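Okay, so here's the structure we're looking at.
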Number of protein chains: 2
Amino acid sequence: MTDGLPHTLRSDALDNRERILDAARALFSADGLDVPMREIARRAGVGPATLYRHFPTKQVLATEAFADQLRACRTIVDDGCADPDPWRGLCLVIEKICELHARDRGFSEAFMAAFPGAPEVGGREYTVKAVAGLAQRAKDAGRLRSDFVLDDLILVLMANKGIHTRSADTQVMASRRFAALAIQAFEASPQHTPLPPAARLTAAAPDNSV
Amino acid sequence: MTDGLPHTLRSDALDNRERILDAARALFSADGLDVPMREIARRAGVGPATLYRHFPTKQVLATEAFADQLRACRTIVDDGCADPDPWRGLCLVIEKICELHARDRGFSEAFMAAFPGAPEVGGREYTVKAVAGLAQRAKDAGRLRSDFVLDDLILVLMANKGIHTRSADTQVMASRRFAALAIQAFEASPQHTPLPPAARLTAAAPDNSV
DNA sequence: ACGCTAACGGACGCCCCCGTCCGTTTAGGT
DNA sequence: ACCTAAACGGACGGGGGCGTCCGTTAGCGT
């Protein structure tokens, strides 16, 4: 994008680049973002210098490595918004995003780490607005509790990140059940008692009114 | 307890011991269990050797440092069990434990880390059984959903641990709201749809039947 | 007041991670 | 086939945490 470099990478360089990204994806997914850069290099079968040449910082590497997941996120949100039943759409979004995070620990960390500071990763602003709209429609339809706030969704995602288990399968299972519980909590109900005030989790979101 | 040492510590040793525990409590609470041992020593105004002499491993230090919180935990559970209304008792337990964990990040980590492996910390077995009984009574009273499992409570506590914010106040606020949502999810309701199967979170708990 | 010993803490060696430099290899154009 | 520059990776110095050793300090009993 912003590189004034010779636009054609040498074939071996391109190959290494891909292998590095593969290794990064594998390790980030399994072990989170805290894996040493060298570990990634080792797994990719390259030297540390090569790794740093391609991706000067871990942030850059992570961003590239999670491009797919970010796209998946947007697709999930778009699908949810496209659903004629806004409540069903919102439920799908919650379930799918939770599962995505459960399957990929590194992405989960990166995704949530991006929230306090708002450096606008990959059209987040737009996506957040879309979800806000979806939630509003679900409220209007009387299916989503009226005191729901967008921060509640972030709260649930943060919480979902806290669920760690040894096996990946167990992780997904636990996360699924958690998402289902969250949805039950969000569903409008005649019996629900007032919630304690929501905490502001986003640093400087323009409106968390919905 | 198990020390065959000269039962009288020298006055300065005792003093240092207390200062170390204070420092550990402060740092563990604020920053979690990952603080370097040396940082604790520095804060306590002692050398590293002194720290290691008193507490040979971080595990030992943490256990001692969190004795109060562990007692608080048991008190909370006992109070909850003593409540004539089992549902109200269970709600209190959830709220209080979540708040405890929110106020003390280190304790939260230590507490949950103890779960997969079951080295029986401080009468955990007994407490777990007590909560199980409370939950069963809440179910019998028709207030707790019948497909609730004890692992769901652990799930919620794990999830609660995932909630991190910058300020401690915000943390408690967020955790409070989260606990309220969890309670709503657990409450029996005519409209609730079946949950996906619960994942086994405890390593070898004898019965998670409740 | 004195001495004995418990208790202290500075300093050491170890290991792991970080980011960079520079001599070597190799792709790809002629 | 050859040459050039792009690309590689081993190796280095720096920093920080870990757990331990040992020479020094100071509590406490006489």
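Bear in mind that the values here come from a model prediction, so they are computed numbers and not experimental data. Throughout, protein chains are lettered first and strands after them, A, B, ... in sequence-line order, and every chain is numbered starting at 1.
Applying the side-chain hydrogen bond (donor to acceptor under 3.5 Å, both in side chains) rule to B:S29 yields the partners B:D104; only residues at least two apart in sequence or on another chain are considered. With sequence neighbours left out, the side-chain hydrogen bond (donor to acceptor under 3.5 Å, both in side chains) criterion links B:E95 to no other residue. For A:D147, the side-chain contact (heavy atoms from CB on, under 4.5 Å) criterion is met by A:R145, A:L195, not counting sequence neighbours.
For the pair A:E18 CD and D:dC8 P, the interatomic distance rounds to 13 Å; values are reported in whole Å. Counting to the nearest Å, the C1' atom of C:dC8 and the CZ atom of B:R17 are 16 Å from each other. For A:L51 and D:dG9, the CG to P distance is 11 Å, given to the nearest whole Å. The NE2 atom of B:H54 sits 11 Å away from the C1' atom of C:dA6 (whole-angstrom rounding). Rounded to a whole Å, the CG atom of B:L9 is 14 Å from the C1' atom of C:dT5. If you take CD1 of B:I20 and C1' of C:dA7, they are 11 Å apart, rounded to a whole angstrom. The interatomic distance linking A:D12 (CG) with C:dG28 (P) rounds to 7 Å, in whole Å. The interatomic distance linking B:F55 (CZ) with C:dC8 (C1') rounds to 15 Å, in whole Å.
Ring orientation note: the planes of B:F178 and A:F178 are tilted relative to one another, at an angle of 30° to 60°.
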Return a table of donor-acceptor pairs under 3.5 angstrom between the side chains of residues 35-48 of chain B and protein atoms on other chains or two or more places apart.
from, atom 1, to, atom 2, distance (Å)
B:E39, OE1, B:R42, NH1, 3.1

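With distances taken from any side-chain atom of A:T50 to the nucleotides C:dC8, D:dC8, C:dA7, the minimum falls on D:dC8.
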(request) Classify every nucleotide of nucleotides 17-25 of chain D by which part a protein heavy atom approaches to under 4.0 Å, writing B for the base, S for the sugar-phosphate alone and - for neither, in 5'-to-3' order. (result) SBBBB----
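Contact annotation: A:N16 side-chain N/O to D:dA7 OP1/OP2 distance is not under 4.0 Å.
Counting only residues at least two apart or in different chains, ring pair (Phe, Tyr, Trp, His ring centres under 6.0 Å) contacts with residues 37-73 of chain B comprise B:F28-B:F66, B:F66-B:F107.
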